[in-house]
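Structure record follows, encoded as structure tokens.
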Amino acid sequence: MGLGEQKQGFCVGLVVVVVCFAVFAAFWVPFVRNDDDDDDDNTTYTKPVDTYVSRMSASKVMGHLQDLQNIASDNNDTRAVATSGYKASVDYIVSQLKSGNANCDPKTQSFEIADWQSLETPVFAQVDPAIDFSSDLYMQILTYSGSGDITASLGVLPADNMGCTQGAWSGVDVKNKIALVIRGECDFHEKATAAFGAGALGVLIYNDGTSEERMGPFAGTLGELQPGPVFSLSHSVGNQISNSPNQFLMQADTQTTVSETWNVICEWKDGEEENTIVVGSHLDSVPAGPGINDNGSGSSMNLELAIQLANSPVEVKNRVIFAWWGAEEIGLKGSDYFVQNAKANGDLSDIQLNLNFDMIGSPNARLEIYQGTAVLDPLIKPGCVAIQSIFEQYFDIADIEFTTVDKLNGAKSDYAPFTTNGIPAGGLSTGNADIKDADERTIFGGYANAAYDPCYHMDCDNVDNIDQDAVQANSQAAAYTLGTLASSPQLSSLLNFDSTKRDQIRKDTTKRVFASI
Ligand SMILES: [Zn+2]
């Protein structure tokens with residue numbers, strides 16, 4: 001995995017930092033020093049982190065997981081958004097932060113979410129001669145489609161026009177018609193907004209046929225409620241109707257219920273605000289189960305990181321914000337709200353990095369570090385590489401095997417609102433419903449040809465669905481990394497930022513990640 005090469009690169013970027021981490025690592029011996037040892041030049045910086053690491057343990061994290069399990073058991077076996085189990089989880093985190101003397105005044109950050117349902121089977125058909133395309137072989141309704149009962153002819157963009165802006169429709173007669181546009185380049189929300197803005201009554205997005213997986217109709221989210229029906233079509237149906245002068249019928253009956261939910265925020269009282277580190281994990285489960293690995297595990301570890309940071313000698317030079325995100329499972333809503341809110345308040349440029357912990361105790365675990373070296377965005381890549389390197393240092397020092405995973409280019413968890421807004425990120429995970437292979441079994445143990453988490457998003461994701469060794473390793477790796485970053489005297493050098501360029505790009509960007517592409 002190019003480990004040596006990455007570390008070399010990391011050190012080269014650190015010439016201005018007092019201690020290069022490769023050297024530092026050679027002097028750092030985990031778990032053997034204590035607070036009362038005499039100082040010397042190499043240990044004054046590392047000892048508090050050492051103490052922080054040693055205070056993290058699987059048994060402490062398991063205590064919180066049992067409490068979250070009890071909360072789920074008392075609330076219909078779920079902790080999903082818009083349930084009493086989620087509200088009880090929020091109250092639990094707040095009370096534990098207080099009783100554990102975390103150095104913050106824990107707050108809930110309220111935001112609205114829209115619960116969307118399609119009430120009737122959607123209809124798409126050619127009117128005369130009648131051809132019914134209302135089969136999931138040909139079409140699907142997209143999440144947050146509006147309602148409507150429309151009979152109209154098509155307004156069609158040529159296949160090389162991706163329809164990402166309203167201007168893309170200039171010269172195309174789409175007013176009071178059904179817009180037909182190909183998939184790709186921008187998210188479904190942008191395509192629908194552009195077409196409705198140009199006067200369309202309904203929108204059809206057909207697959208682009210660029211690979212075998214992109215032939216059929218597709219599921220996806222529009223991020224927020226649209227003013228009319230929006231369906232995906234297969235590549236062949238899109239092509240077939242693109243020159244049709246006929247009238248088409250679109251029928252959709254959807255319902256959107258708006259409700260309130262919360263993030264829990266613990267802003268450390270120490271540390272420079274302009275060097276803020278956000279440590280996040282989503283607190284909501286899916287409706288199907290108690291969500292103990294996904295993501296009680298990351299949330300409980302995050303809680304213990306906050307409590308033990310308060311009880312450790314780590315000097316927090318860079319402010320830490322611990323966050324427990326709501327509504328991750330319905331589209332990263334809580335972390336997106338936090339980032340957009342910080343942007344609106346002018347606080348986004350204070351945030352230097354995000355650490356994300358989502359599923360850190362999978363029962364058939366492999367130990368995954370988010371791969372900064374694979375990041376495509378050159379703005380955030382150096383920071384992501386640096387964060388990856390610190391996690392790797394811990395696993396190397398502790399002599400624990402790990403692997404790296406290319407997640408940061410996607411939007412699979414709550415790092416995405418940060419990375420898409422110019423903030424580097426890193427994190428740990430242990431695998432979901434994907435399958436462990438024989439080589440990984442040799443390295444990590446467990447079962448080959450079985451899922452890392454066979455209870456992923458199921459009712460059996462309970463307190464027995466946890467590998468405590470993985471929790472132990474990840475809890476200490478997280479403390480090492482957070483302790484190192486929080487106490488770093490030169491965080492921006494460590495992350496290799498060009499802050500002027502970054503702030504400019506952040507100012508210009510209005511990116512959201514809530515819709516699919
Ligand atoms: Zn998750």
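We count ligands from 1, going down the list as the structure has it; atoms in each ligand are counted the same way. We use all heavy atoms of the structure for the numbers below, so side chains are in, but hydrogens, waters and symmetry mates are not.
At least one N, O or S atom of D294, from either the backbone or the side chain, sits less than 2.8 Å from the Zn ion (ligand 1). At a threshold of 2.8 Å, the Zn ion (ligand 1) has no backbone or side-chain N, O or S atom of E328 nearer than that distance.
If you check the side chains of Q69 and S73, you find a donor sitting under 3.5 Å from an acceptor.
Ring centers of F188 and F218: under 6.0 Å apart, within the cut-off. The distance between the ring centers of W325 and F338 falls below 6.0 angstrom.
The closest approach of D358 to the Zn ion (ligand 1), by N/O/S atoms, is made by OD1.
The aromatic rings of Y92 and H64 sit perpendicular, their planes meeting at an angle over 60°, well past the 30° parallel limit.
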